[in-house]
Amino acid sequence: MVVLLDDVNRLSQRISAVSESVTLAIDAKAKAMKAAGEPVISFGAGEPDFPTPVPIVEAAIEAAKDPKNHRYSPTSGLPELRKAVAAKTKRDSGYEVTASQVLITNGGKQAVEHACMTLIDPGDEVILPVPYWTTYPELIKLAGGVSVLVDTDESTGFKATVAQLEAARTERTKALVFVSPSNPTGGVYTRDEIEAVGTWAVEHGIWVITDEIYEHITFDDAKFYSMPVLVPEIANQCVIVNGVAKTYAMTGWRVGWLIGPDDVIKAAGNRHSHATSNVSNVAQHAALAAVSGDLSAAAEMRATFDRRRHLILDLIDKVDGMTCLEPKGAFYAFANVKGMLGREVQGVAPQSSFELAEMLLEKVKVAIVPGEAFGAPGYLRFSYATSDEAIAEGLERIAKLYA
């Protein structure tokens, strides 16, 4: 007799509860439409449109030629790369760590996953300010944790206050996810704000998972600060997520890292040893060249992002019903589109930012991520890590639709 699994039991409850990455799904759909010959302009994925700097690529080519890189290497990362990441961390943020406190991962996303699986037990609560990067709540869920959402808005620059965090804290609170500069809002916390949050976490024995992937992309008077530098007492209950993707235009190379106390990194490394034998050696050598080199290429990219930031804000302002708080970091404009909802355009009246994003892709071939992906309906996230021409054309199409 053959016993068939029913729809309920076919997949695990854990994996069935996880949603697809909306940003990657929209990016994939936009690319598929482009491949089919449609004139799609995409503001979807947060991916620099620059090529990886030549010295980094050349380092990878040389590494690929070396037979020793054709074999397994230490699970926690090449020793020279772990040492270089520790040195880069001190250089760029002032935070001094040892190589043993660094775990090399397959991109920053895997570093977040390892942090969640290492620190969170089933039922633990994790405070998560909204808007959030779409992956955070899914990985918290996979670890068995419960996301406790803290809503922020434009009045505070989409930044959570200590009073809000304290109101969300319970006896089950295990961790806080803290991100500055922010994806999706581009918000950047001030020195005083970071000190206040770090001090609060120390007082209550709460872990902080801080994502520093956009550390080198800030504008005007906004500055990046690493929490354990400002609040040294938090070092033993803080883990840092970072990687080469955004700073060095290396999204496809998939090299990130997790920094934390030795016991956490050892435990995360144990998990890593079963998840993947080692990160690609060729990619690790490319990352070694990146973090060991200077930041001149990153400075050039940041200057270009700054110019595009001003361009997209000017063009968003010309779209009837759309406004945008000026982002101070990363490369996203988080536009308020509540004034566009419910208005009929070519026989369609979107009632949500999700429906609006669907309509814009269908009607004018512009791909944008809806705020629902970040827990913030009523907004659209534009990535301006694309060409000036694409920014101008995409916003012009939207403006004409709503003229």
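Take Lys109 and apply the side chain to side chain donor-acceptor pair (under 3.5 Å) test, not counting sequence neighbours, and it matches no residue. Listed by chain and residue number, Glu393, Lys400 satisfy the side chain to side chain contact (heavy atoms under 4.5 Å, CB included) test with Glu396 (two or more places apart in sequence, or in another chain). Here Asp49 pairs with Arg308 under the salt bridge (charged side-chain N to carboxylate O under 4.0 Å, His left out) rule; sequence neighbours left out. By the ring-ring contact (aromatic ring centres under 6.0 Å, His included) test, His310 is found to be paired with no residue, residues two or more places apart in sequence or in another chain being considered. With sequence neighbours excluded, the residues that form a ring-ring contact (aromatic ring centres under 6.0 Å, His included) with His114 are His272. The salt bridge (charged side-chain N to carboxylate O under 4.0 Å, His left out) check on Asp320 picks up Arg343, with sequence neighbours excluded. For Glu113, the salt bridge (charged side-chain N to carboxylate O under 4.0 Å, His left out) criterion is met by Arg271, not counting sequence neighbours. Residues satisfying the ring-ring contact (aromatic ring centres under 6.0 Å, His included) test with Phe43, not counting sequence neighbours, are Phe382. Residues that satisfy the ring-ring contact (aromatic ring centres under 6.0 Å, His included) test with Phe354, not counting sequence neighbours, are absent from this structure.
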Using residues 50-59 as the side-chain source, report each donor-acceptor pair under 3.5 Å to any protein atom, sequence neighbours left out, with the distance given to one decimal.
{"from": "Thr52", "atom 1": "OG1", "to": "Ala249", "atom 2": "O", "distance (Å)": "2.7"}
{"from": "Thr52", "atom 1": "OG1", "to": "Trp253", "atom 2": "NE1", "distance (Å)": "3.0"}

Review item, side-chain donor-acceptor pairs of residues 282-294, under 3.5 Å, at least two apart:
{"from": "Gln284", "atom 1": "OE1", "to": "Leu78", "atom 2": "N", "distance (Å)": "2.8"}
{"from": "Gln284", "atom 1": "NE2", "to": "Val279", "atom 2": "O", "distance (Å)": "2.9"}
{"from": "His285", "atom 1": "NE2", "to": "Asn69", "atom 2": "OD1", "distance (Å)": "3.1"}
{"from": "Ser292", "atom 1": "OG", "to": "Leu288", "atom 2": "O", "distance (Å)": "2.7"}
{"from": "Asp294", "atom 1": "OD1", "to": "Ser296", "atom 2": "N", "distance (Å)": "3.1"}
{"from": "Asp294", "atom 1": "OD1", "to": "Ser296", "atom 2": "OG", "distance (Å)": "2.7"}

Could you go through residues 218-225 and list every donor-acceptor pair under 3.5 Å that involves a side-chain atom there, pairing it with any protein atom two or more places apart or in another chain?
{"from": "Thr218", "atom 1": "OG1", "to": "Ala222", "atom 2": "O", "distance (Å)": "3.4"}
{"from": "Asp220", "atom 1": "OD1", "to": "Arg309", "atom 2": "NH2", "distance (Å)": "3.2"}
{"from": "Asp220", "atom 1": "OD2", "to": "Arg309", "atom 2": "NH1", "distance (Å)": "3.4"}
{"from": "Asp220", "atom 1": "OD2", "to": "Arg309", "atom 2": "NH2", "distance (Å)": "3.2"}
{"from": "Asp220", "atom 1": "OD2", "to": "Lys328", "atom 2": "NZ", "distance (Å)": "3.1"}

